[in-house]
Structure formats: C-alpha cells, structure tokens
Trainee: 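Pasting a structure below so you can have a look.
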Number of protein chains: 2
Amino acid sequence: MTEKSTYHHGNLRDALLDAAFELLDQEGVDGVTIRAVARSLGVAHSAPANHFKTRKDLLTALATRSFEQLTSAIQNGLQQGLEDRRERLKVFADSVIAYGLNHPNRYRLLWRRDCLAVDDPDLLAQMDALYEPLIHLFEQGDQKEQRSAETSGIALWSMVHGYVSLRLDGNLVPLNDEVSGEPRERAIIDALFDGIASK
Amino acid sequence: MTEKSTYHHGNLRDALLDAAFELLDQEGVDGVTIRAVARSLGVAHSAPANHFKTRKDLLTALATRSFEQLTSAIQNGLQQGLEDRRERLKVFADSVIAYGLNHPNRYRLLWRRDCLAVDDPDLLAQMDALYEPLIHLFEQGDQKEQRSAETSGIALWSMVHGYVSLRLDGNLVPLNDEVSGEPRERAIIDALFDGIASK
DNA sequence: CATCAATATGGACAGTGTCAATTTAAGCAA
DNA sequence: TTGCTTAAATTGACACTGTCCATATTGATG
C-alpha cells in the first residue's frame, strides 16, 4: 500500500463532516469555521468549497445529520414497544432530553436558524421526520379531540424543548437535581400529564 | 445654541446603546457589529471601545436592559392585582410570551450565552430579577409542597420559554392559530394547569 | 494515449474585533 | 487667565474570517 499522492484527498467530503462535528462538539458552532476545518485536515483553506459552497451549507449538513440522529434515537426508544400512550410520550420526551444533554452543541445548532440554510430540502425533510412520531402519538379521535391533541403535543414539545434549552444555558439551578429519586425532567413531564393543580 | 465641536460626542455611551438596539431589532444579533454601530453614529470604528471594551460587553449591556424590560413588563402585569394564583401565573406566562413575540431579537439575545459576558454582575442581577416573581408565585407550603412547587415552576417556565423559542424559530405551524377563540398559548398554559390527561 | 471534468491550490479582497500610538478638548487647580 | 491631567475621540495596524478567482493537479473516460 504505497503512499498515495496527497493532492487529492479522496474522500474529503466525509472527512470534512467528521472534522466539523469534532469542532462543533468541542468548541461550539463558532469554532466551526471553514478554515479551521480545512486546517485540521491539512488541506487548503478553500478546499472545502468544492463540497460545501458556503459555511452555512456545511453547518446545514451537520444539522441535518444531527436531526437524523435525534429522530432515530426516538424511533429506537419507541420500538421497544410500550403500549401505554403515556409511556410512549415519555419515551419521546426522554429521548429528546437525553440527546440534548449529551450533545449540547449539536442540539443548539438544530435551532440556530441564522446559521442554517433553512430552505434546504434535506434539512426540512429531517425536521419533519422529527415531528412525525410526536404527531403520530397524538393523532386519533374526532375533530375536536384532534384539536386538543394538537395542543397537548405542542405543550409537551414546548416543555421538553424549553427544558433542554434552559438546562444547556445553565438557567436551571441546581443543574442536576432530583425529585424523590427521579430526575427533575421526569417530574415536570408528570406535572404536565397530571396538571400542576394550582389550588 | 452654537454647533458644538464634533470631536467629542458628549453622550456616546447612550447613543451607542440606542443605535445597537436599532440594529439588533432590525438585523438580529449578527447585525450588531462594533463597526456598524460606530458607522451609524458617524464616529470612528474604535470610538465605542472607550465605553464598551469588547463586542461582548456591548451585547451584555443590551441583554441586561432587555431583561430589565421583560421583568418590569411582568411586574406591571402582576400589579393589576389579580388574587387567584392561577391567574397570576398566567400573567407571568402571557408577559413573557408577549415580550418574546414582540421583540424577537431581544428575546433571542437573552439566551445567547456565547455572545454575552455571562459573569457580568449587572447581567446576573437582572437574570435573577426575572425569576424572582416566578419563585414568589410558588413559594408557600411545607417542605414537600415546596419541592413540588419548584417542579411546577420549572415546568411552567420551561413550557413558556420553549413555546416562545419554537415560535420565533418558525417551528410551530401554523404560526398564528387559535383554539376555540383563544390563542394557542393560552390553550397550552391551560393544558399544563389541568393536565393533558392522556387516557 | 489524449482529453475533460472534478478537485485541490494559493492569492486576493472586504469585512470583522481588538490593540496601540496619537490627537483633541473638557475639567480642574493654581 | 494659564497650565496640567485625563477622558474621549482619531487613524493605523494586525490577525482572522468567508468567499471569489485563476491556476495546478489528477482520476476517469474516450
């Protein structure tokens, strides 16, 4: 296996994505500059342009992949086959929260509209795919029931997304707390199911 | 009133803040560059440095003021003097949602940790002030009740913050919908109070 | 082998934040 | 008033960024 000529990388596109993910995870989205990615691979600063025309396009590819990961994490959880709808909704919530807390910079990127090519068809498709299981979990009943199911879905999704966002921003203290043995996130999900019963 | 010498602006600090707010509202946080702000006031590109050492410091001042605005909007609402706690919690939620939807770029800036000097004492103080009314609305009862009250508070705050964030990112469709005459946000707040009662 | 298109290169440009040396003038003490 | 100190503004510079361009290399196809 002789040393290949180094001029053409061979698989630069994938290498760029890997390197960009590494930078994203370690330094956040600001760390993902075209030149830094190129530098980390030892290629010219303008080499990436052949595969990602702009920085936005690169970040969009990262976000698309991240949406993909999140969605399949949810799907995996749901395939364990719990029957109870309430349990299935918890799986959805747990999956999103786990992904957000484990991959903070990826999760943040998902919602950085200013960094993304928001009309990229692949990105849009993956965003839709994320909502699909949630919608599916709520679609049933007649017209009126659907209306309130929609509201329940938005309520759940809002709470989950808000909770993760606040946690990632360090706006919930203490960060890692428990409520009678359960992590806080389980408690707030239950609160939504049962109502906070303000008396 | 003769024309003053133009070398010294006289009140550059306030003028910078005003101009920066204008840019923030119109173009988002990316539009708030030191040089753009200076340009819009017709001063040298490095004049702002005398008042805000770095861009982060300028944005931090904007965020601090925005927190202030949001907090006083909440306080104003609460001073109308509704007795029912449930109603008072709704006032909190409504105030945050209204501020977020009316000042999207200011609201977004509040949570852009990467753009802010997150250990600035003024900023921290204003952030605390935001949570104060929410905490106050829940503090009562014994130890165990407090624990669950805390959970309710986090649940409500998470849902409100998540809802605004999703709306601002265009992730809730349709954007402006109603549920039996009420805007969607009222419906999800009610959902949290009463529970989504997944059967 | 010859050619072509894809891919990588280096150089350039405008924009940015930030630093440094300098100039201006306002405020204050004598 | 005069003179000094100092805050506040100036210009200039540097390194970094994204993006464009002309050029060079090479893999693949005829």
Trainee: Excluding sequence neighbours, so at least two apart, what forms ring-ring contact (aromatic ring centres under 6.0 Å, His included) with B:His51?
Mentor: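 In terms of ring-ring contact (aromatic ring centres under 6.0 Å, His included), with neighbours along the sequence ignored, B:His51 is linked to no residue.
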Trainee: With sequence neighbours excluded, what pairs up with B:Arg112 under the salt bridge (Lys or Arg N to Asp or Glu O under 4.0 Å) test?
Mentor: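 If we apply the salt bridge (Lys or Arg N to Asp or Glu O under 4.0 Å) test to B:Arg112, skipping adjacent residues, the hits are A:Asp114, B:Asp114.
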Trainee: Quick one, which residues of residues 15-34 of chain B touch DNA chain C with a heavy atom under 4.0 Å?
Mentor: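 Those residues are B:Thr33, B:Ile34.
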Trainee: Verify side-chain contact (heavy atoms from CB on, under 4.5 Å) between B:Val91 and B:Leu82, making sure each step is shown before the conclusion.
Mentor: CA-CA 9 Å; B:Val91 168; B:Leu82 294 167; 3.9 Å; yes
Trainee: Treating B:Arg55 as the side-chain partner and B:Ile34 as the backbone partner, does any N or O pair qualify as donor plus acceptor under 3.5 Å?
Mentor: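 Side chain of B:Arg55 to backbone of B:Ile34: no pair is present.
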Trainee: To the nearest Å, give me how far apart CZ (B:Arg55) and C1' (C:dC19) are.
Mentor: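 After rounding, the gap between these two atoms is 18 Å.
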Trainee: In chain order, what residues pass the side-chain hydrogen bond (donor to acceptor under 3.5 Å, both in side chains) check against A:Ser40, with sequence neighbours excluded?
Mentor: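 Scan of A:Ser40 (side-chain hydrogen bond (donor to acceptor under 3.5 Å, both in side chains), adjacent residues dropped) gives none.
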Trainee: Does the distance from a Lys or Arg side-chain N to an Asp or Glu carboxylate O, for B:Arg65 and B:Asp122, drop under 4.0 Å?
Mentor: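 So B:Arg65 does not pair with B:Asp122 through a salt bridge.
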Trainee: Tell me, please, which residues at least two apart from A:Leu137 pass side chain to side chain contact (heavy atoms under 4.5 Å, CB included).
Mentor: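 Applying side chain to side chain contact (heavy atoms under 4.5 Å, CB included) to A:Leu137 gives A:Arg88, A:Leu89, A:Phe92.
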Trainee: Over how many whole Å does the gap from B:Phe52 atom CZ to C:dC19 atom P extend?
Mentor: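 My rounded result for the distance is 16 Å.
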Trainee: How does each nucleotide of nucleotides 5-12 of chain C score, in 5' to 3' order, for protein heavy atoms under 4.0 Å: base (B), sugar-phosphate only (S), or none (-)?
Mentor: -BBBBBBB
Trainee: Is it true that the side chains of B:Thr54 and B:Asp57 contain a donor and an acceptor less than 3.5 Å apart?
Mentor: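 Indeed, the side chains of B:Thr54 and B:Asp57 share at least one donor-acceptor pair under 3.5 Å.
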Trainee: Taking CG from B:Asp57 and C1' from C:dG17, how many angstroms apart are they, rounded to a whole number?
Mentor: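 So the CG-C1' distance, B:Asp57 to C:dG17, works out to 12 Å.
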Trainee: Across the strands shown, which category fits A:Arg13 at heavy-atom distances under 4.0 angstrom: base, sugar-phosphate, nothing?
Mentor: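 Result for A:Arg13 = nothing.
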